[in-house]
Amino acid sequence: MAEARIIDGKAVAERVRASVGRRVALLKAAHGVTPGLAVLLVGTDPASQVYVRAKGKATVEAGIASFEDRLPAGASAADVLAKVRALNADARVHGILVQLPLPDQVDEAAVIDAIDPAKDVDGFHVINAGRLATGQAAMVPCTPLGCLMLLKETLGDLTGKRALVLGRSNIVGKPMAQLLLGAHCTVTIAHSRTRDLAAEARRAEILIAAVGKPEMVKGDWIAPGATVIDVGINRITGADGKSRLVGDVAFQEAKRVAGAITPVPGGVGPMTIACLLENTLTAACRQAGVAVPADPGA
Ligand code: NDP
């Protein structure tokens with residue numbers, strides 16, 4: 001059997017970003033609205049700083065106004081909440097992203113709860129989770145939204161497909177399952193208490209792995225021809241002593257069985273930022289009461 005098609009998330013993400021850029025330009029020209037995205041970073045976590053820099057750069061490249069707020073690692077919950085409320089009230093800001101994780105003294109749930117749901121471009125607010133679950137217009141979490149885009153690029157119509165979502169977190173697994181349901185898949189959600197994960201996986205035509213366990217999904221868990229989306233980002237030390245990134249799927253084994261598969265890195269990762277820009281454009285249009293412009297370059 002031929003090897004799996006490698007799904008190039010970087011290329012798809014570049015197309016999405018370019019499309020957001022064209023539509024942002026149209027929104028400015030037609031309605032005088034410049035979408036604005038604010039990122040709030042608390043503390044000096046190195047990985048978070050890298051993400052925030054990458055987000056800021058992509059934001060500016062798409063023509064979106066980028067606002068960056070920083071608070072020291074010792075900031076109190078009240079400081080963070082005050083900052084969020086100020087951003088809620090700032091008309092230039094259409095999207096607010098609070099970079100997680102927050103320091104221990106700050107309750108993440110309370111901070112997410114304080115974000116205006118209309119500006120919640122991460123889609124983590126309970127109002128948006130509820131809207132997604134009930135099929136209403138929601139802000140959809142970026143990573144699962146990116147996975148859905150990759151699936152549609154690869155398979156087209158997903159109606160009737162048997163999908164397994166491995167992982168049930170609020171930020172990936174659960175919203176992913178909702179999106180697949182919305183796309184008319186037959187969805188199973190598996191987790192750490194699932195009996196015989198391998199058997200569940202082998203039934204799936206679409207397998208989404210979001211567990212955070214390096215290379216847990218083996219080649220013989222995958223149905224021949226299945227489409228595999230690997231959300232996992234795990235840093236491991238190889239036999240040569242060098243550190244490298246791997247996904248939740250044993251890629252070398254899996255690509256010999258799957259029909260299509262995302263690599264790590266270069267699969268889902270780049271889609272997350274692209275979808276953040278897409279969500280910011282959507283949020284700006286909804287707040288301005290106008291339709292999201294059609295892409296003239298599509
Ligand atoms: P969480 O740790 O919040 O959730 C992991 C899920 O996997 C849980 O539902 C857990 O089950 C399940 N799980 C853990 N171990 C097992 C096991 N041995 N067997 C079956 N299920 C298991 O992780 P996230 O959802 O936040 O992230 C998942 C992965 O995706 C991570 O590698 C993370 O780095 C990556 N990620 C990548 C992003 C990107 O941009 N590409 C963005 C966000 C995350 P239970 O609920 O029963 O405990």
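When reading the values below, keep in mind they use all heavy atoms of this one structure, side chains included, and skip hydrogens, waters and symmetry mates. Counting starts at 1 for both ligands and their atoms, following the listed order.
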Starting from [atom], find the nearest protein heavy-atom neighbour and note its residue, name and distance.
atom: atom 19 (N) of ligand 1; answer: Leu197 CD1, 3.5 Å
atom: atom 18 (N) of ligand 1; answer: Met216 SD, 3.5 Å
atom: atom 40 (O) of ligand 1; answer: Thr272 OG1, 2.8 Å
atom: atom 22 (C) of ligand 1; answer: Val211 CG1, 3.4 Å
atom: atom 15 (N) of ligand 1; answer: Lys213 CE, 3.4 Å
atom: atom 25 (O) of ligand 1; answer: Ser169 OG, 2.5 Å
atom: atom 8 (C) of ligand 1; answer: Arg168 N, 3.9 Å

Task: Ionic contact status for Glu278 with Arg23, cut-off 4.0 Å - done: yes

TODO: Output yes when Arg203 and Glu200 qualify as a salt bridge under the 4.0 Å nitrogen-oxygen rule, no when they do not.
DONE: yes

So, [X] side chain and [Y] main chain: donor-acceptor pair closer than 3.5 Å or not?
X: Thr262; Y: Ile7; answer: no
X: Asn128; Y: Pro117; answer: yes
X: Arg202; Y: Asp220; answer: yes
X: Lys119; Y: Leu87; answer: yes
X: Asn234; Y: Gly247; answer: yes

N/O to N/O below 3.5 Å, does that happen between [X] and ligand 1?
X: Asp248; result: no
X: Ile233; result: yes
X: Arg193; result: no

Open item on the list: Could you report the tightest heavy-atom contact between Gln105 and Ala75, atom names first, then the distance?
Closed with: NE2-O, 2.7 Å

Task: Beyond-backbone contact of Cys285 with Pro35, side-chain heavy atoms, under 4.5 angstrom - done: no

At less than 4.0 angstrom from any non-hydrogen atom of [X], what atoms of ligand 1 do you find?
X: Gly167; answer: 6 (C), 7 (O), 9 (O)
X: Gly269; answer: 41 (N)
X: Val268; answer: 41 (N)
X: Asn234; answer: 32 (O)
X: His191; answer: 11 (O), 20 (C), 21 (N), 47 (O)
X: Ala210; answer: 5 (C), 6 (C), 7 (O), 28 (C)

Task: Closest candidate by heavy atom, reference atom 37 (C) of ligand 1, pool Val264, Val231, Val172 - done: Val231

Task: Heavy-atom nearest option to atom 31 (C) of ligand 1, drawn from Gly212, Ser192, Ala190 - done: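 Result: the heavy atom closest to atom 31 (C) of ligand 1 is in Gly212.
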
Group every Ile, Leu, Val, Met, Phe, Trp and Tyr by side-chain heavy-atom contacts under 4.5 Å, then state whether [X] and [Y] land in the same group.
X: Ile261; Y: Val12; answer: no
X: Ile206; Y: Val264; answer: no
X: Leu150; Y: Ile273; answer: no
X: Leu197; Y: Val217; answer: yes

Open item on the list: At under 4.0 Å between heavy atoms, is it the side chain or the backbone of Ile171 that contacts ligand 1, or both, or neither?
Closed with: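 Side chain only.
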
TODO: Indicate, as side chain, backbone, both or neither, the part of Thr143 found under 4.0 angstrom from ligand 1 when only non-hydrogen atoms are considered.
DONE: side chain

Task: Heavy atom of protein inside 4.0 Å of atom 2 (O) of ligand 1, strictly below - done: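 Given the 4.0 Å limit, the answer for atom 2 (O) of ligand 1 is no, no protein heavy atom qualifies.
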
Open item on the list: Within the structure, is a non-hydrogen atom of Gly173 found at a distance of less than 4.0 Å from ligand 1?
Closed with: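 Checking ligand 1 against Gly173, which is what was asked, there is no heavy-atom contact under 4.0 Å.
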
